[in-house]
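Sharing a structure with you now.
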Amino acid sequence: MEKLGADDILRLFLALGVVLGAARVCSELFRRIGQPAVLGEILAGVLLGPTLLGRFAPNVHAYVFPATGAVAISFHALTTVAIALFLFVAGLEIDLKTMGRQSRAATFVGVLGLAVPFGVGYAAAYLLPDLLHVDTGLDRRIFALFFATALSVSALPVIAKTLMDLHLYRSDFGMVVMAAAIGNDLVGWIVFGVLLSQFQNVEAHGVGAGAMVVLMLGFVLAMLTIGRRALHAVMPWLQAHMSWPAGVLGFALTLTLLAGAFTEYIGIHAIFGAFLVGVALGDSSHLRERERATIGEFTSSVFAPLFFGSIGLHIDFVRYFDPAMCGAIFLIACIGKILGCGLGARWGGMAWREAWAVGFAMNARGAMEIVLGLLALQYGIVGEPMFVALVVMALGTSVMSGPVVQRLLGRVAPRRAADHLIARAFVPRLAARDRQAAIVELARAVANAAGVPAEQIAEIAWRRELLSPTGIGNAIAVPHARIEGLVQPVIAAGISRDGIDIQSLYGTRAQIVFLILTPKDDARAQLDLVASLGRSFQDPEIRERALQAASSTELLALLRTDRHGADGRSLFTARVTERP
């Protein structure tokens, strides 16, 4: 029996560890600058690939990330499982009832979001053959069909993760986008599968193009009708007679892998089978929150970064970069998708700003574009310059998607106190015995970080305190000051085990005091940060553990790992209501 050798195992574990670590670091950096974490994960792969590591340390890159052999096959297998599990979790959060309410808008978005970019892409393939480096030995119709299909699909994984990062996934807006994206990608992959089987003489395990379409449509209908009801009926039995939650999770993952195997067998990517199982299972009211959260958190922190971080490992963006082609494809892709989806959303009854936001959300291409491009490259439909241009387009549209959607909807992600707590401004034992002295003590601790004299901070905060005491109950006080010239919020924290009399309406003494400084022209920052702290310290256990914190690291870890401190939402259970 063939198996991995000792060196293969070493290299595989090294590759997995490096990708996961780099993806986590880059995703955290992107979160800090207000970008979806998925973009940081993709960037990590680009940095570790031929573009940077392979260029300056080719031997290291070849050793850790070999292009062929047992290690490469094993790594590819793990990333395939990773993206299938991510799509399964994304499917769990699809609210079919909300999708039903949004069916009119989603239908218009889906149809026009497919037809318009398809038409634009098909025409461009015939009108701009030289710019797109069309191989003269290739049937122009094959290339045109591929290019049109490539511009029509959206990146379901990237869209899902971007909406989750922006807390829009479970909203009505998110359901319109996801419903349309599901339809776009489903049709797009069927068309691409038919294209390969017809023109490249490729049949998936003996399943012809016509049978593939029939089987796929039948599978979709079966999973969303009979399958959905069957899963809802069997869930109580599983919870009653199997270990919990392991039994339910094992059953769900088994079904996910089998469904992925079936769709792969008929010629459609395995991730669609996994996604449909998630949709069918997630619709059951018997599925408990802990079961969702357990697999959701593990997938989002391990499997998703592994897949997104692997995208750029074997792509040299420098060698095959063609500025004219990249610019043209990016422009063509944006015009077709944004115009088609935006008009579809508008005709579906959405306001203009929301409609254009739908267009930009659907414009994110990401991983699916790259997967489709890889397949086309393998079958000789496109060359390396076109593939690199598709990757650049995919990353560029993903980068612009989140910020533009935020701006169009007028939404700003709420700030978390944990993101602005200053390590050197933590006082584990406040010497102060009254609220004014506490403000002065904390002002001195945070003055250097804020770049403002301590006396000025203390004076402004004390004037605000005299207007109304800032005790918010639960032994917490949040004196604050809006400072002219401050760039971003900063927070100092202090612990008083004996408590400080803050003349609170709640009649309690403050044992944990946070001095919050925010920019003078940013009224919302103070509200977000106070609300974030208020949510965190509703839990008596959190308060008790905070009182025992001996360092800023312990307090910061407590705030970051508290579910309520993270805006009161977990990644896969966020529900939001857009502004009108």
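Note that the structure is predicted; figures quoted are calculated from it, not measured.
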Exercise. His76 and Thr79: side chain to side chain contact (heavy atoms under 4.5 Å, CB included), yes or no, with the steps?
Worked result: CA-CA 5 Å; His76 177 69; Thr79 56; 4.2 Å; yes
Exercise. Hey, are the side chains of Leu43 and Phe30 touching, using non-hydrogen atoms and a 4.5 Å cut-off?
Worked result: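 Leu43 reaches Phe30 side chain to side chain.
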Problem set entry | Of all pairs that satisfy salt bridge (Lys or Arg N to Asp or Glu O under 4.0 Å), the ones with a partner from residues 53-63, not counting sequence neighbours |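 Counting only pairs at least two positions apart or across chains, the salt bridge (Lys or Arg N to Asp or Glu O under 4.0 Å) contacts touching residues 53-63 are Arg55-Asp316.
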Problem set entry | Residues forming a salt bridge (charged side-chain N to carboxylate O under 4.0 Å, His left out) with Glu554, sequence neighbours excluded |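 By the salt bridge (charged side-chain N to carboxylate O under 4.0 Å, His left out) rule, Glu554 matches no residue at all.
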Problem set entry | Leu421 and Phe426: CA distance, side-chain angles, deciding distance, side chain to side chain contact (heavy atoms under 4.5 Å, CB included) verdict | CA-CA 8 Å; Leu421 187 64; Phe426 175 68; 5.9 Å; no
Problem set entry | Backbone N/O of Thr397 and side chain of Ser401: donor-acceptor pair under 3.5 Å |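 Flag not set: sc Ser401 to bb Thr397 has no pair under 3.5 Å.
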Problem set entry | Phe330 vs Met400 side-chain heavy atoms within contact, under 4.5 Å |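 Yes, side chains in contact.
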Exercise. Would Ile460 and Arg464 count as a side chain to side chain contact (heavy atoms under 4.5 Å, CB included) if you check the C-alpha gap in whole Å, the side-chain angles of each, and the deciding distance to 0.1 Å?
Worked result: CA-CA 6 Å; Ile460 296 173; Arg464 170 61 186 83; 5.8 Å; no
Exercise. Counting distance only, does the side-chain N/O of His420 pair as donor-acceptor with the main-chain N or O of Leu517 below 3.5 Å?
Worked result: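 Flag not set: sc His420 to bb Leu517 has no pair under 3.5 Å.
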For this session: Return yes if some donor-acceptor pair links the side-chain N/O of Arg353 with the main-chain N/O of Leu408 below 3.5 Å, else return no.
Result: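 The answer is yes, because a donor-acceptor pair under 3.5 Å joins these two groups.
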For this session: Scan residues 487-499 for pairs that pass salt bridge (Lys or Arg N to Asp or Glu O under 4.0 Å), counting only residues two or more places apart or in two chains.
Result: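 Found none.
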For this session: State, with a plain yes or no, whether a side-chain heavy atom of Leu10 is found less than 4.5 Å away from one of Tyr63.
Result: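 Heavy-atom side-chain distance check passes, below 4.5 Å.
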Problem set entry | Point-to-point distance, once rounded to the nearest 0.5 Å, from CZ of Phe308 to CZ of Phe303 |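 The CZ atom of Phe303 is 14.0 Å from CZ of Phe308, to the nearest 0.5 Å.
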Exercise. Can you list every pair that meets salt bridge (Lys or Arg N to Asp or Glu O under 4.0 Å) and has a residue in residues 17-29, with sequence neighbours left out?
Worked result: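 Listed by first then second residue: Arg24-Glu28.
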Please tabulate, for the side chains in residues 437-444, all donor-acceptor contacts under 3.5 angstrom to protein atoms that are two or more places apart in sequence or on a different chain.
from, atom 1, to, atom 2, distance (Å)
Glu441, OE1, Ala431, N, 3.2
Glu441, OE1, Ala432, N, 3.1
Glu441, OE2, Ala431, N, 3.1

Exercise. In Å and rounded to the nearest 0.5 Å, what is the NE2 to CD distance from His480 to Glu465?
Worked result: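 Reported to 0.5 Å precision, the distance equals 8.0 Å.
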Problem set entry | Arg435 and Thr470, any side-chain heavy atoms less than 4.5 Å apart |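 SC-SC contact between Thr470 and Arg435 ruled out.
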Exercise. Given side chains that start at C-beta, do those of Pro50 and Arg319 come closer than 4.5 Å, heavy atoms only?
Worked result: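 No. Closest side-chain heavy atoms not under 4.5 Å.
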Problem set entry | Residue pair Leu53 / Val64, side-chain heavy-atom distance below 4.5 Å |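 Leu53 does not reach Val64 side chain to side chain.
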Problem set entry | Crowding at CZ, Arg463 (>12 non-hydrogen neighbours, <6.0 Å) |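 Enclosed: over 12 neighbouring heavy atoms sit under 6.0 Å from CZ of Arg463.
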Exercise. Do side-chain atoms of Ser496 reach the backbone of Leu430 as a donor and acceptor pair under 3.5 angstrom?
Worked result: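 Looks like no, no N/O pair under 3.5 Å.
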Exercise. Please walk me through it: do Val177 and Met362 pass side chain to side chain contact (heavy atoms under 4.5 Å, CB included)?
Worked result: CA-CA 7 Å; Val177 173; Met362 291 284 291; 4.0 Å; yes
Exercise. Does the side chain of Val427 reach to within under 4.5 Å of the side chain of Ile495, using non-hydrogen atoms?
Worked result: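 Result no, sub-4.5 Å side-chain heavy-atom pair not found.
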Exercise. What residues form a side-chain contact (heavy atoms from CB on, under 4.5 Å) with Cys326, not counting sequence neighbours?
Worked result: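 So Cys326 forms a side-chain contact (heavy atoms from CB on, under 4.5 Å) with Phe321, Ala389, Val392.
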For this session: Rounded to the nearest 0.5 Å, what's the gap from CG on Leu313 to CG on Leu48? Could you check?
Result: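 Output value for this atom pair is 6.5 Å.
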For this session: For the residue pair Leu281 and Phe88, establish whether any side-chain heavy-atom pair is separated by less than 4.5 Å.
Result: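 Side chain of Leu281 against side chain of Phe88, heavy atoms only: contact under 4.5 Å found.
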